Each structure stands twice: as C-alpha cells, then as structure tokens.
Asker: 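Just passing along the structure, written as structure tokens.
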Amino acid sequence: MTSPEGPKRKKNRKRSKKRTPLIGTCTSSNPGEIIGEPPQRPTLVSSEVEALQVESPKSAELGNCLRQSKVTSPRKGPSQKPLCNTGSQKTEPLLSGLHVTQPKHTEIASGDPSKTALKVASSNGPVSTLFTLNVEQTQQRASKIKSSKTANTESMKITQSKIRTSESETQPQVLLEGKTKLKQVNKKSPQKTSSSSELNVAQGCKLPFIPVSELLVADTHSSSIPAVNVENTHSKPNVKEKNTSSVTEETHMPNLPPMQFELNTVIMSEAKNKLDHLCNLLDSIVIEHSGKEGYSTNTVIPVLVDQTAKGTSEVAVIPSKFESLPGTVSECQGEKTKEDIEHERKARKEAKAMKKKGGDKSKSENDKQENFNCIKVEKKKAVQQGKPLVVSAVTEEKLPRGKQEPSGSSVPSQGTSQESTTAKSKADLKRERREKQEAQRQAKMIAKAKEVEKQTKGQEQVHLSNDKAKPAPKKKKSAGEGAKRSRDRRIPLLGHLPLHFSQLPIYPVNCDDIHPAVRTLGLKMRDRIVDGSTARVVSTLAALKRFINDYRTPESCDLSRDLAEKLLPNVAFLNACRPHAIAMDNAIRFLKHKVNSIEASMPEAQAKDELRTAIDDYLQENINLASSTIASHAASLIDDGDVILTFGYSAVLIEVVEAVCKGGSNISVVVVDSPHPSSGVSMVKKLSSMSVTTYYRLITDVTHIMHKVTKVVVEAEAVMMNGAIQGICGTAGLALAAATHDTPFIVLCHTYKFCNNDLTDSLVINELGDADSIVSCPSREYFGLLDNWRETQNLNVVSLVYDVTPACLVTALVTEQSVLPTSAVPVIIRRNYADILGQD
Amino acid sequence: MSPAIAAMKALMESLRQDDSTTLQEFIEKMKDAREALSDTDVSVVSVSSGCELFMRFITLKHLELEQAADFASCREILLRRGEDFIKSMEENRKKILRSSNTLIKDGMTILTHSRSRNVLAVMTEAAKQGRQFDVFVTESQPDCSGCRMADELKAAGIPCIVILDSAVGYVMERVTAVMLGAEGVCENGGILNKIGSCTVATLAHLKNKPVYVMVESYKFIRTIPLNNSSLPKKYLHRASVLKSDRDLKSAHPLVDYTPPQNLTLLYTDLGVLPTSAVTEHLIKLYT
C-alpha cells in the first residue's frame with residue numbers, strides 16, 4: 001500500500017510545480033500539503049487516487065461514464081470513513097490528513113458526502129420524500145460535477161500538464177457522485193446514473209466554448225477546503241441536537257460576507273416578486289438588519305485571518321493548511337464579488353422553483369433544490385457566458401460552509417437560513433427567527449468587544465459589492481458603515497483633509513439648528529447628486545434663502561446678530577456633508593456680510609426682503625449674467641476651424657460652444673474625461689445634440705490628440721490669488737500637456753470664484769474623493785484585487801478631487817469682466833471684494 | 001513724433017474744429033475720426049490704443065461734463081483735458097529715460113531690433129552720459145528700419161553694427177542685453193512689435209539674456225493674444241493691404257506678438273514694470 005503512495009505524492013508535487021506559473025496561488029497549498037501530511041495516511045485514499053490517476057491521462061469526454069463507475073467502488077471506503085466517525089473527534093486528524101495530502105480531492109469528497117449522509121440519516125420524513133430527495137440529489141450531483149468539470153476541463157486547453165491536475169480534481173467529485181448514488185440511490189433506477197453520466201458527456205462537448213481565462217476556478221476549489229473541513233467537524237454535534245433544518249442552516253453558513261449579503265439581497269428580490277412570500281420578505285429584512293450587524297461585529301472579512309484564528313482552536317491540523325493557502329483564499333474572494341450578479345439571478349430562479357415545489361419538503365431537500373437550480377441556470381448560461389457561472393456555483397456551495405467557523409454554531413447565517421425558511425411553515429419560521437435573533441444578539445455582544453481592534457476594510461468591500469448588486473435601499477447604510485471604517489485610515493501627507501463620507505454630525509430630525517432645505521441639500525451634496533461648484537453655490541444660496549424665509553427673529557434679539565448666529569450651524573452642516581467649495585465659501589461670506597450689514601432698526605420683513613433680493617441679485621449677476629458674458633468673451637477667442645479640447649462637464653463651456661456656433665464658426669470639440677467620475681459623458685451628450693463634432697476620450701490618452709488640438713478650454717473651480725487655478729483633478733496634467741504642445745490653455749471662471757488665498761500645490765486645500773471608486777476596475781482580470789486595500793499596511797489609495805494648475809501654464813483667464821491674464825487676479829479680488837475681504 | 005501722439009493731436013484738432021451741439025454727438029464724431037485715423041498706413045496698434053486712451057481721458061468723469069451749462073463750456077473742459085493729456089504723453093519719454101538711466105552700463109553689448117524712438121533716446125542719453133557700449137542693430141526687413149536706426153545711433157556717436165535679421169542667433173551669445181520698443185503692450189505683458197521681435201526675444205530667452213522693453217503706457221492695449229496666429233488682421237497688415245483684395249496669406253505681416261515669458265522688464269512712464277503688472281495698470285486706466 002505504501003509503495004503507490006510515494007510516486008503518487010511525487011506526482012502531486014510535480015503537478016503543483018507545473019501549475020505555479022499559471023496559478024500562483026495554487027502552489028501555496030502544496031507546501032502545507034506536504035508538511036502537514038501525517039505519516040500514516042489513509043491508505044484507501046491513496047489507492048483511490050492512484051486509480052484516478054491511472055485514468056486521468058486517458059480521460060476524455062467519453063471516458064467519463066466508465067471512470068465514474070470505476071472510481072466509485074474504491075472511493076466508497078474512505079468517503080464513508082468520516083461519515084462513520086461523525087460523532088467522534090478522532091476523525092479529525094484523519095480528515096485533516098486527508099485534506100492535507102490532497103486538498104482538492106477531499107474538498108468535495110469529505111464535505112458533500114458527509115452532509116448528504118447526515119441529512120439522510122437525520123431526516124425523519126416519510127420514505128417517499130426521502131426518495132425524491134435522492135433523485136434530486138443525484139441530478140444535482142451530476143450537474144454539479146459537470147460544472148466543476150467544465151471548470152477543470154477548461155484548464156485542459158491550456159497545457160497538457162494542466163490537464164492532469166484538473167482531471168484529478170474532477171475525479172473526487174465523480175467519486176462522490178458515484179458514492180452518493182451508491183449510498184442513497186442504489187435502490188433507484190439505473191437510468192439516473194446513466195443520465196448523470198450523459199450529462200458529463202454532454203458537458204465534455206461544451207468544453208471548447210469555455211473561455212480560458214477562468215483558471216481561477218481551480219483556486220476556488222482549493223480555497224474552500226478548510227471551510228469544508230471545519231464544517232464537517234462542526235455539523236456533527238449539531239446533528240444530534242437539532243433537526244435537519246438546523247443542520248442545513250449551519251452547514252450553509254456563508255463563508256464570506258459578500259456571499260452572505262448577496263443571499264440576503266437575493267431573497268429580498270425574490271420575495272418582492274411573490275406577494276405570498278410577504279412574510280419572507282419581512283423576515284429577510286429583519287434578518288438582513290441583524291445580519292449586517294452580525295458580521296460587522298464579527299469582522300469576518302479578512303476571511304483568511306479569521307478562519308485561521310478560529311480554526312486553530314477547533315482543529316489543530318487545519319491552521320497549517322490555512323497558512324499554506326492565503327493566495328487562494330483571497331483570490332476566491334475576488335472571484336466571488338465578480339459573480340454577485342450571477343448569484344442573484346440564480347437565486348431568483350431558484351426561488352421560483354422552490355415556490356413551485358412548495359414548502360412541505362424537508363430542509364435538506366430545499367438546500368439541494370437550491371443547488372440544483374443554481375446549476376441549472378449555470379448549464380444554460382455556461383455556453384454563452386463561460387466559466388464565471390460555474391465558478392459561482394461551486395463557490396456558492398462551498399463558501400457558506402466556511403462561515404460556520406468564525407461565527408460558531410451560535411450565529412446562523414441569514415442567507416441560507418432564509419432559504420430554508422422559505423420552505424418552512426410560519427410557526428417554524430417564527431421559532432427559527434427567534435433562535436436566530438437570540439444567537440445574533442449574542443454574537444453581536446461578543447463581536448462588539450472585538451470591533452474596536454478589528455475594523456475591517458473587507459466589510460467596506462462587501463458593501464461596495466453589495467451596492468453594485470442592489471443599488472437603492474442599502475446604499476446609504478453601506479456608505480455610512482464604510483465611512484466608519486475608512487475614517488481610521490488616514491493617508492500620510494493628507495491627514496488634514498476631511499475624509500470622504502466622513503461621519504455626519506447627528507442632529508435630531510426636527511431640530512431647529514438645521515433647516516430642512518439645508519439638510520436635504522447637504523445629503524445631496526454628500527451623495528454627489530449636486531455636484532460642481534456652480535451648482536453647489538446656486539443650491540446653497542437657494543437653501544439659505546429658504547432658511548431666511550422661514551426665519552423668525554426672537555423677541556429679544558436683533559435680526560442681523562441672531563440670523564448670523566443661526567446661519568452658522570447650517571453652514572457647518574453643509575461643510576460636514578461635503579467640504580465647501582471655494583466658490584461656496586465666497587457666496588456664504590457674501591451672505592454673511594449682507595446679514596451683518598443689516599441695521600438693527602430695520603424691520604424684519606424688510607430685512608428679509610433685502611437679503612432675498614441680495615441673494616437673487618448675487619445669483620443673477622455672478623452666475624447667470626456672468627456665464628453669458630464669459631461665453632461671449634470666450635467665443636471671441638475661438639476662431640473658425642478650431643479644435644477645442646475640454647475636460648469633464650462644464651455648463652459655461654457649452655454656452656461658449658453655442659455662442660461660437662451662433663457666430664457661424666465651425667469647430668470641433670474633444671471632451672477628455674476622467675474615469676472617476678465621468679462627468680464628460682453628459683457634456684458629450686449635450687454637445688452632440690448641438691450637432692458639434694465631438695470626440696470623447698479619457699484623460700489618459702490626451703497626449704495622442706493634443707497635437708491636433710488648437711485650444712484647450714477648461715472651467716476652473718476656483719482661482720487663487722497667485723493666479724493658480726484650482727480645477728477638477730486632471731486639469732493640471734492637461735495644462736502641462738497643453739504647454740508641452742504650446743497650445744493655448746484658456747480657463748473660464750466666474751470672478752466670484754476668485755479666492756483670497758495663495759496655493760502652490762494641491763495638498764493644502766483639497767478634498768478627498770472616494771478612493772474605492774479608483775480600485776474598483778471594470779477589467780475582469782484585475783477585478784477586486786485592491787478591494788481590501790485598507791488592510792494593506794503600506795498601501796495608500798488616494799483620490800483627490802481638485803488639483804492646482806500653476807499660473808504660468810494658463811494662457812488666458814476668461815472672466816465676465818474681460819479676458820485677463822492670471823496676473824490680474826489679485827487686482828480683481830482687491831476691487832471686487834474690498835468690502836468683504838478681511839471679514840469672514 | 002510717434003504716430004500715436006500725432007493721432008492724438010489730430011483728434012485734438014478735430015475737437016477744436018468740432019461744431020457738434022451735444023456731448024453724445026461729439027463722441028460719435030470723435031469715433032468716426034478715430035476710425036479714419038486707424039485706417040491710415042501707420043502702426044494701428046499704438047494709434048488705436050492712444051486714441052482710445054485719449055478719449056477716455058477727456059470724457060472721464062461724465063458728471064463734471066454733464067454739470068456744465070451748455071456744450072460750449074463742456075467743450076472747454078474737453079479741450080483743456082486734451083491739452084493736458086497730450087502734454088503729459090509727450091513727457092512720457094522723459095520719464096522712461098529717468099527710469100532707465102542706469103540700465104546701460106559700460107562695456108555692454110546691446111542688441112536691438114528695428115527702430116524705436118524710445119530705445120534710441122535711452123541709448124543717446126547713455127552715450128551723453130559717457131557710457132561706452134556697443135550696439136547690434138538688425139537690418140529689420142522689409143522696411144530696413146534698422147539701417148535708419150544705425151544711422152541715427154552713429155550720429156549720436158554710438159558704435160553700432162547692422163546685422164542680418166537671420167544673424168540674430170549668431171550674435172546672441174555675444175550680447176549682454178536686448179532692448180526693444182513696442183507698438184503695443186498686451187494685457188498679459190506681452191508686446192506687439194515690428195516683425196522679428198519675437199525671434200529676437202525668444203532667442204534671448206533661450207540664451208538667458210535679459211530683454212528690456214521701452215514703451216509708453218498709452219500703448220497698453222486690452223487684449224490677450226493667445227498666440228501669433230490669433231492676432232487680429234488689422235494689427236498685422238496695413239490698412240491699404242487689407243483694403244486691396246490681396247491674398248493675406250502671402251502678405252508679410254508687419255508685427256508679431258512676443259509672449260511675456262520672453263520679456264524681462266518693461267521700462268515705462270509708470271516706472272519699471274514686470275510684465276505681470278501691466279494688467280493692473282490697464283484695469284486702473286480703463287475702469
């Protein structure tokens with residue numbers, strides 16, 4: 001028996017080596033595998049593996065059938081072993097040894113059979129139901145194998161060596177299938193088996209369609225190993241105490257938060273679809289809430305860390321394996337986020353199917369059903385979309401189990417439990433819910449203590465992915481939580497800047513300090529619904545005007561003093577929501593000046609009237625009229641046939657282009673845009689509706705087009721005293737590019753945006769943007785790689801909102817007064833704001 | 001006499017002979033007169049800017065004019081102001097000389113382009129003070145104004161050499177400073193001057209030689225050319241050329257625009273200014 005083991009191991013090692021270049025993460029599992037291997041390895045396993053290997057090189061689609069039947073028989077022994085030992089802890093070393101030696105094989109073999117076996121054993125239902133269950137199970141198995149097969153076979157395409165590994169990976173599943181069949185379905189008709197094998201064959205045919213890129217599938221397999229392991233040990237005691245439903249719940253604990261969330265959202269949507277599932281919806285909402293807190297406190301997100309930490313306490317051998325698998329785990333995490341949408345879709349379908357079947361089935365059956373449905377969907381889509389679906393199925397099945405580990409048996413996962421509950425009766429539901437809530441409460445208490453030391457970025461990540469999957473209702477919550485977490489991460493050199501989504505000061509709903517209009521506006525600004533300095537100024541003044549409208553002077557005060565005082569919290573609130581733009585500061589300063597200059601003797605109505613007209617005039621003069629004047633000034637600088645390059649969205653520039661077109665000149669406009677946020681899109685839309693030749697580019701390829709551009713026209717957010725321009729981040733780079741090509745760089749700016757400050761760099765006065773938007777990239781290959789950047793100690797992801805263009809790069813500054821050089825800025829400031837400067 | 005001063009005097013003359021009965025009518029008539037003046041074959045830049053400044057100055061403080069009993073007394077005010085303005089403008093050169101009297105030192109080699117009365121005055125003044133310096137003068141095609149400049153310098157006893165326009169790069173390394181006049185000073189401090197000035201200034205900038213501009217403040221104009229190609233045609237070509245239906249692409253432009261980055265200091269009647277200070281004075285003058 002030992003003699004086959006030696007070569008076998010070698011082969012394993014070899015395989016791993018071969019894989020390294022392709023999947024770096026996978027290799028990490030191997031050292032642990034070898035080290036952790038106990039000397040006396042279950043011989044049966046090795047032999048069975050041997051058998052597999054013999055077949056694997058041959059393995060073709062046609063061979064699947066044969067292999068299945070062949071493999072099952074030797075496999076039966078070892079797979080049963082853990083099952084037999086369910087109650088005792090002794091199995092663990094055995095199990096672990098098994099895992100260690102061949103992680104990929106054991107993963108499914110140990111996890112699934114045990115689960116199914118447990119279910120079968122514990123289910124007290126009538127025989128008929130059991131039977132149906134089995135049928136379903138087999139079907140599901142078959143499809144599952146298929147899915148994993150597709151994943152694996154795909155890798156075949158890449159290298160021959162690869163083929164071998166992947167094959168070996170599939171085999172355990174095949175084995176498992178056979179085993180389950182033997183165990184549970186052996187009484188059943190032989191057609192089932194044949195059908196499953198047929199499926200395999202069919203799946204083999206599909207292979208060519210699958211894209212090569214999804215090698216990660218293999219990783220997800222290996223990553224889930226530890227989870228499965230633990231699950232096994234855990235579920236054993238539970239079986240005794242609880243009924244089948246609880247077991248399934250436990251076993252299906254989502255391993256990773258994204259998954260968990262996903263399930264919640266999925267169920268929400270599902271319930272929405274069906275009116276008769278209203279109670280489920282309610283339930284899900286409750287669970288969702290508690291669940292959120294549950295894992296926010298649990299801090300599951302650094303999955304690897306948590307697992308290792310808790311795994312150690314439970315199973316001694318597991319940690320080594322965990323350590324060997326860091327790469328895979330993280331990779332698998334990334335994979336998951338990618339497939340959120342697919343999960344949702346799947347789950348919806350599954351919910352439908354569930355509904356059809358009715359709620360009287362046992363929990364385990366439901367569980368199976370879910371999987372089955374998942375795979376069904378997969379099957380359909382696999383051909384068109386390729387791997388991700390397959391992967392998702394695998395991950396979905398396995399990841400939840402891992403969750404068991406961190407949370408322990410006390411905290412049931414919302415997602416899975418919910419799935420099971422959908423099928424349950426109401427009484428059952430209630431009871432369960434109560435249990436769950438109890439458990440969650442406990443978990444919360446425990447986790448709260450932990451929370452202080454562990455603030456996780458992973459959570460944020462979860463939220464992000466969640467936002468993507470389900471936008472509206474959860475967005476705010478997640479944003480809030482994200483803020484909580486991100487607050488702790490200060491970027492060196494930029495620590496003085498208020499963080500993106502920083503916590504709002506808490507005011508009661510009907511508090512006197514903040515006018516509702518201001519409150520609304522503040523939130524809008526925070527969520528970037530109101531964006532751009534001009535829009536913010538206009539809306540700020542409008543909100544403050546409403547505030548003044550509703551203002552009543554108290555008996556003992558005079559208006560100017562009291563109003564100025566009452567204005568402060570409103571302004572502070574706006575600032576807390578999002579740091580003021582310089583233009584906003586100027587506008588608010590103007591308003592304060594107006595308020596202060598109201599004489600005490602003036603009656604309230606008149607004073608308010610004066611203020612309102614002052615605001616209106618300010619808006620009219622400094623924004624409306626000024627914009628059209630700027631447009632006409634700028635249009636005089638633009639000649640026929642010019643190619644204008646602009647950056648992002650600018651309302652004034654649209655006016656300029658309109659004016660130019662009205663003048664009969666024929667120009668074309670290049671809109672360059674930054675990816676975060678891409679405001680240039682709306683610019684392009686407006687321009688193209690004006691039948692102006694428009695090009696849309698990212699700022700990254702501005703150098704390609706700059707030599708064809710005759711003028712660069714941008715709008716400034718603010719102009720500093722030294723003539724420096726504060727613009728949306730990217731403007732300075734654009735100015736440099738323009739200077740390199742000796743292209744005139746024209747800046748449009750209202751004079752009310754002139755600022756009595758000198759800026760030489762963009763660090764002193766700036767605003768932090770959403771750094772997470774930067775790391776979220778649409779590329780599949782790099783998706784989510786940096787999602788947990790906050791955990792990386794020496795990595796700082798910074799997204800600045802503004803940058804500063806030095807005055808020497810600006811050819812002309814177009815204001816409503818005239819076309820000016822940047823050196824005129826101090827003159828204008830001194831003249832325009834002589835009365836206001838000096839006071840704040 | 002510079003064309004701008006001449007134009008102002010012409011406006012003064014037309015003001016004296018004016019027979020309009022209201023201020024508004026007078027202003028309209030003066031506008032026509034200014035257009036007529038700009039239509040002549042002179043350097044339009046300084047003439048138009050000088051005339052505009054003249055008009056601004058004499059009609060400044062409308063209130064005072066409106067308080068006048070009738071237009072006759074109003075015209076008295078206008079005439080008096082006009083005389084004052086022209087007198088002060090004629091004083092400008094002296095002010096420039098005063099501000100630049102230490103500019104030229106012994107042993108300097110100065111490159112100048114074309115002919116400028118201000119530069120000539122500054123150099124003559126320095127020679128009078130006994131300073132020893134050499135001058136390179138560009139030939140300055142197409143009108144060979146540089147040769148005229150050289151003659152005048154030689155008459156003042158200043159050693160000077162006429163070089164080809166294309167030899168600017170050749171002599172630049174031997175030059176200690178470049179002195180230019182200007183037809184107009186733009187709001188950003190860049191100058192409009194005889195064609196070729198941009199070449200000289202750019203080369204000087206490249207070799208880190210200081211470029212000094214001698215210019216009167218009435219030549220300040222309220223425009224910012226983005227670059228040379230955005231200069232208005234009326235600046236580039238003589239009125240006669242513009243009126244004839246010649247192809248302007250083949251016509252040689254008369255002026256070019258030197259961006260402020262290539263200039264070091266402006267010596268004006270307002271004092272010695274950096275280029276960035278022009279806008280402040282312009283804003284003061286016009287608003």
Side-chain angles (χ1 to χ4, degrees), chain A residues 633-645 656 660 665 667 709-714 719 721-724 735 738-739 741-749 751 754 806-832 834, chain B residues 49 52 56 184-192 198-199 201-202 205-206 213 217 220-236 248-249 253 256-266 268 270-287:
Chain A
H633 280 312
S636 70
L637 293 177
I638 293 167
D639 306 320
D640 193 25
D642 266 345
V643 181
I644 309 269
L645 186 139
V656 172
V660 171
S665 299
I667 59 165
V709 172
T710 56
K711 268 149 207 168
V712 180
V713 187
V714 298
V719 178
M721 186 73 127
N722 58 352
H741 290 264
D742 199 25
T743 311
F745 189 79
I746 301 165
V747 177
L748 313 176
C749 191
T751 48
F754 284 17
C808 59
L809 296 179
V810 180
T811 313
L813 195 62
V814 183
T815 69
E816 67 264 29
Q817 301 202 351
S818 66
V819 182
L820 296 169
T822 49
S823 47
V825 175
V827 188
I828 300 288
I829 290 177
R830 246 178 284 138
R831 292 167 65 92
N832 283 14
Chain B
S49 73
E52 193 175 341
R56 274 203 88 85
V185 178
C186 304
E187 188 150 9
N188 58 358
I191 57 164
L192 298 171
C198 183
T199 321
T202 309
H205 181 66
L206 212 63
V213 180
S217 63
F220 288 6
I221 51 173
R222 294 207 75 191
T223 55
I224 298 182
L226 298 174
N227 45 30
N228 272 299
S229 50
S230 65
L231 284 178
K233 289 200 171 54
K234 61 171 181 175
Y235 289 173
L236 291 176
L248 287 181
K249 276 174 191 165
D256 62 12
Y257 163 68
T258 309
Q261 295 91 305
N262 293 344
L263 306 178
T264 311
L265 284 175
L266 303 175
T268 72
L270 303 169
V272 185
L273 305 177
T275 51
S276 55
V278 174
T279 178
E280 188 178 349
H281 286 284
L282 267 174
I283 292 171
K284 261 188 217 163
L285 282 175
Y286 282 96
T287 53

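As the structure is a computational prediction, the values presented were derived from the model and not from experiment.
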Asker: Using every non-hydrogen atom in the two residues, find where A/Leu820 and B/Ile224 come nearest and quote the distance to one decimal.
Answerer: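 Nearest pair, atom of A/Leu820 first, then B/Ile224: C-CD1, 3.1 Å.
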Asker: If you count heavy-atom pairs within less than 4.5 Å of chain B, which of A/Ile746, A/Ile828, A/Leu637, A/Val827 leads?
Answerer: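 Going by pairs under 4.5 Å, I would pick A/Val827.
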Asker: So which N and O atoms of chain B and chain A form donor-acceptor pairs under 3.5 Å?
Answerer:
| from | atom 1 | to | atom 2 | distance (Å) |
| --- | --- | --- | --- | --- |
| B/Ser276 | O | A/Ser823 | OG | 3.3 |
| B/Thr287 | OG1 | A/Arg831 | NH2 | 2.8 |

Asker: Determine the option with the most heavy-atom pairs under 4.5 angstrom with chain A, choosing from B/Leu282, B/Ile283, B/Leu226, B/Val278.
Answerer: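 Heavy-atom pairs under 4.5 Å are most numerous for B/Leu226.
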